Amino acid sequence: MTQKTITYEYERIADIKRLKFIASHLQQEIPAGGRVLDVGCGNGVISRHLGQFGYDVLGIDISQKTIDVARSKNTLPNVRFEAISAEALTAQGERYDAVICSEVLEHLDRPGELLKVIYDSLKDNGLLVVTVPNGQGPRELCVTRPMLKARNHPATWKFINKIKSALGFKGTTVQSQADNLDHVQFFTRKALLDIASQHNYRIIKFAKTNFVEDVFPFSLLTKRVKFLQKLDCEVAEILPIGFTGGFNTLWKKKA
C-alpha cells in the first residue's frame, strides 16, 4: 500500500516545523475523520494541510478578504472556510475534537475572551493547539517591539517602510492577508501557563520553534539559504526554552 504524499504550502522551515507539530499531535489524539476547528485560519494553510490527513476541517476568520483567499486555494471537499467569529460559531452549539489557534492570541486585546469561546467549542477530551511568538524571544525583542515604537514617530516610520519595501518585505504574510497583523500581547512561558489556568485549561506540552533566523539582519541571509533556517531550528532545540522565537503548545481542559 503506497503512502500518501503530504504537501506543504509553507516554504520557511520554522513554519513547516509548526505544521508538523500540529499534524503529528492531532494524529496521536484524533482519528481520521475527526472534526477540527481552525480559529483565525487566515489564508487557510493549516486547515488545508490537516485536510490531507482526512480530518473534517472548518477554518474561520473575521476577515472576509482572507477567507476569500483561503477558499480560492482550497481543493479538498473535507475542508471549508467561513467568515464568522468564534463567538457566533459557538452560538450554533457545534463541538470539535480539536481546535487550532495558531499565531492568533498575540493579536488580540482580550485573548481570554477567545479562550472562553474555544472552551465551549471543544469536546471535554478534545485537544487545543496554541502557537504564539515568545514575547521575550529574539524576534519580539529585536524586531516587533521596536517597530511598534517606531510607529509613534511618523518620519522614522516612513523611512523604515521605504527600507522594507526596497528589501522586498510586504505587509501581509503567507498565513494571512488581514489588514492588521500587529502584536499586542507578548506571552512568556509563565504568562501562557497563567492564562491557560485562569480559563480552566492545562498545558501538557511546550515545544520550541526557531532562534534568530527571522531577526533582521540575519533574515536577509536565512530567507535565501534554507540550510541556515534548518540549522537555526536545531539550535533552538539545544538552547533553554526562553531563547526560542515561539511556543508550540498542547492544551487540555482541566478535569
Side-chain angles (χ1 to χ4, degrees), residues 14 17-30 34-42 46 50 58-62 85-91 93-141 144-145 148 175 181-210 236-237 239-255:
K17 184 178 182 180
R18 183 170 65 250
L19 273 185
K20 288 182 175 179
F21 175 88
I22 295 170
S24 64
H25 287 288
L26 255 65
Q27 287 180 291
Q28 293 173 29
E29 296 261 352
I30 313 298
R35 303 187 69 207
V36 177
L37 175 65
D38 185 5
V39 176
C41 67
I46 295 174
L50 296 179
L58 171 61
I60 64 171
D61 202 292
I62 59 172
S85 69
E87 292 85 352
L89 185 68
T90 301
E94 300 287 345
R95 301 186 82 194
Y96 297 83
D97 297 293
V99 177
I100 313 301
C101 186
S102 181
E103 311 302 295
V104 173
L105 295 183
E106 68 272 17
H107 300 288
L108 305 179
D109 290 320
R110 295 182 296 277
E113 294 301 311
L114 178 59
L115 291 174
K116 290 178 185 177
V117 171
I118 290 174
Y119 189 93
D120 293 333
S121 299
L122 186 65
K123 291 181 179 178
D124 290 341
N125 63 342
L127 181 69
L128 169 59
V129 183
V130 175
T131 77
V132 292
N134 174 9
Q136 294 294 327
R139 179 172 173 79
E140 297 295 85
L141 288 178
T144 304
R145 292 185 191 228
L148 290 174
Q175 181 146 323
L181 296 174
D182 285 351
H183 294 184
V184 296
Q185 303 291 338
F186 297 90
F187 292 103
T188 61
R189 184 176 185 275
K190 182 181 183 302
L192 272 184
L193 288 167
D194 287 345
I195 197 171
S197 181
Q198 290 164 11
H199 293 90
N200 213 24
Y201 297 95
R202 56 190 174 93
I203 300 180
I204 61 172
K205 185 176 181 64
F206 270 89
K208 305 166 186 175
T209 58
N210 58 354
E237 294 298 326
L239 295 172
I241 196 165
F243 289 89
T244 184
F247 302 116
N248 295 332
T249 64
L250 303 179
W251 302 29
K252 288 278 193 175
K253 287 184 174 183
K254 288 182 180 178

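This one's a predicted model, so the numbers in the text were calculated from it and none came from an experiment.
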Supply the atom-to-atom distance [X] [atom1] to [Y] [atom2], rounded to the nearest 0.5 angstrom.
X: Ile203; Y: Leu193; atom1: CD1; atom2: CG; value: 4.5 Å
X: Leu250; Y: Glu29; atom1: CG; atom2: CD; value: 7.5 Å
X: Leu128; Y: Lys252; atom1: CG; atom2: NZ; value: 10.0 Å
X: Cys101; Y: Leu122; atom1: SG; atom2: CG; value: 11.5 Å
X: Asn200; Y: Leu115; atom1: CG; atom2: CG; value: 11.5 Å

Can you list the residues that meet the side-chain contact (heavy atoms from CB on, under 4.5 Å) rule with [X], with sequence neighbours excluded?
X: Thr209; result: Thr244, Asn248
X: Phe243; result: Phe211, Leu239, Pro240
X: Gln136; result: Asn134, Leu141, Arg145, Thr188
X: Pro111; result: Leu105, Leu108, Gln185, Phe187, Ile195

Distance-minimising heavy-atom pair for [X] and [Y]:
X: Gly40; Y: Val104; result: O-CG2, 3.8 Å
X: Cys41; Y: Gly59; result: SG-C, 3.5 Å
X: Gly42; Y: Asp61; result: N-OD2, 2.9 Å
X: Val39; Y: Ala86; result: CG1-CB, 4.4 Å

> In chain order, what residues pass the side-chain hydrogen bond (donor to acceptor under 3.5 Å, both in side chains) check against Glu140, with sequence neighbours excluded?
Replying inline: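 Checked Glu140 against side-chain hydrogen bond (donor to acceptor under 3.5 Å, both in side chains); matches are Thr144, His183.
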
> Considering residues at least two apart in sequence or located in another chain, which fulfil the side-chain hydrogen bond (donor to acceptor under 3.5 Å, both in side chains) criterion with Glu237?
Replying inline: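 Glu237: side-chain hydrogen bond (donor to acceptor under 3.5 Å, both in side chains) contacts with Lys17.
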
Sub-4.5 Å side-chain heavy-atom contact between [X] and [Y]:
X: Ile100; Y: Leu50; value: yes
X: Leu89; Y: Ser121; value: no
X: Val129; Y: Thr249; value: no
X: Val36; Y: Leu26; value: yes

>> Which residues pass the ring-ring contact (aromatic ring centres under 6.0 Å, His included) test with His25, not counting sequence neighbours?
In response: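 Checked His25 against ring-ring contact (aromatic ring centres under 6.0 Å, His included); matches are Phe21.
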
>> Using the ring-ring contact (aromatic ring centres under 6.0 Å, His included) criterion, which residues pair with Tyr119? Sequence neighbours excluded.
In response: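 If we apply the ring-ring contact (aromatic ring centres under 6.0 Å, His included) test to Tyr119, skipping adjacent residues, the hits are Tyr201.
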
> After noting the C-alpha distance and the side-chain angles of Phe206 and Leu192, does the key distance pass the side chain to side chain contact (heavy atoms under 4.5 Å, CB included) rule?
Replying inline: CA-CA 10 Å; Phe206 270 89; Leu192 272 184; 3.9 Å; yes

Tell me if a side-chain donor or acceptor on [X] pairs with a main-chain N or O of [Y] at a distance below 3.5 Å.
X: Thr131; Y: Phe247; answer: no
X: Asn210; Y: Ala14; answer: no
X: Ser24; Y: Lys20; answer: yes

>> I'd like to check the salt bridge (Lys or Arg N to Asp or Glu O under 4.0 Å) partners of Arg189; sequence neighbours left out, ordered by chain and number.
In response: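 If we apply the salt bridge (Lys or Arg N to Asp or Glu O under 4.0 Å) test to Arg189, skipping adjacent residues, there are no hits.
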
> Looking at residues at least two apart in the chain, or sitting in another chain, which of them share a salt bridge (Lys or Arg N to Asp or Glu O under 4.0 Å) with Glu87?
Replying inline: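 For Glu87 there are no salt bridge (Lys or Arg N to Asp or Glu O under 4.0 Å) partners, ignoring immediate neighbours.
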
> Do any pairs count as a salt bridge (charged side-chain N to carboxylate O under 4.0 Å, His left out) and have a residue in residues 195-209, sequence neighbours left out, and if so which ones?
Replying inline: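 Counting only pairs at least two positions apart or across chains, no salt bridge (charged side-chain N to carboxylate O under 4.0 Å, His left out) contact touches residues 195-209.
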
>> By the salt bridge (charged side-chain N to carboxylate O under 4.0 Å, His left out) test, which pairs, at least two apart or in different chains, include something from residues 118-139?
In response: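 Listed by first then second residue: Arg95-Asp124, Asp97-Lys123, Asp124-Lys253.
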
>> Within the supplied structure, the quantity of interest is the number of heavy atoms (other residues, nucleotides, ligands) at a distance under 6.0 Å from Ile62 CD1; does it exceed 12?
In response: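 No.
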
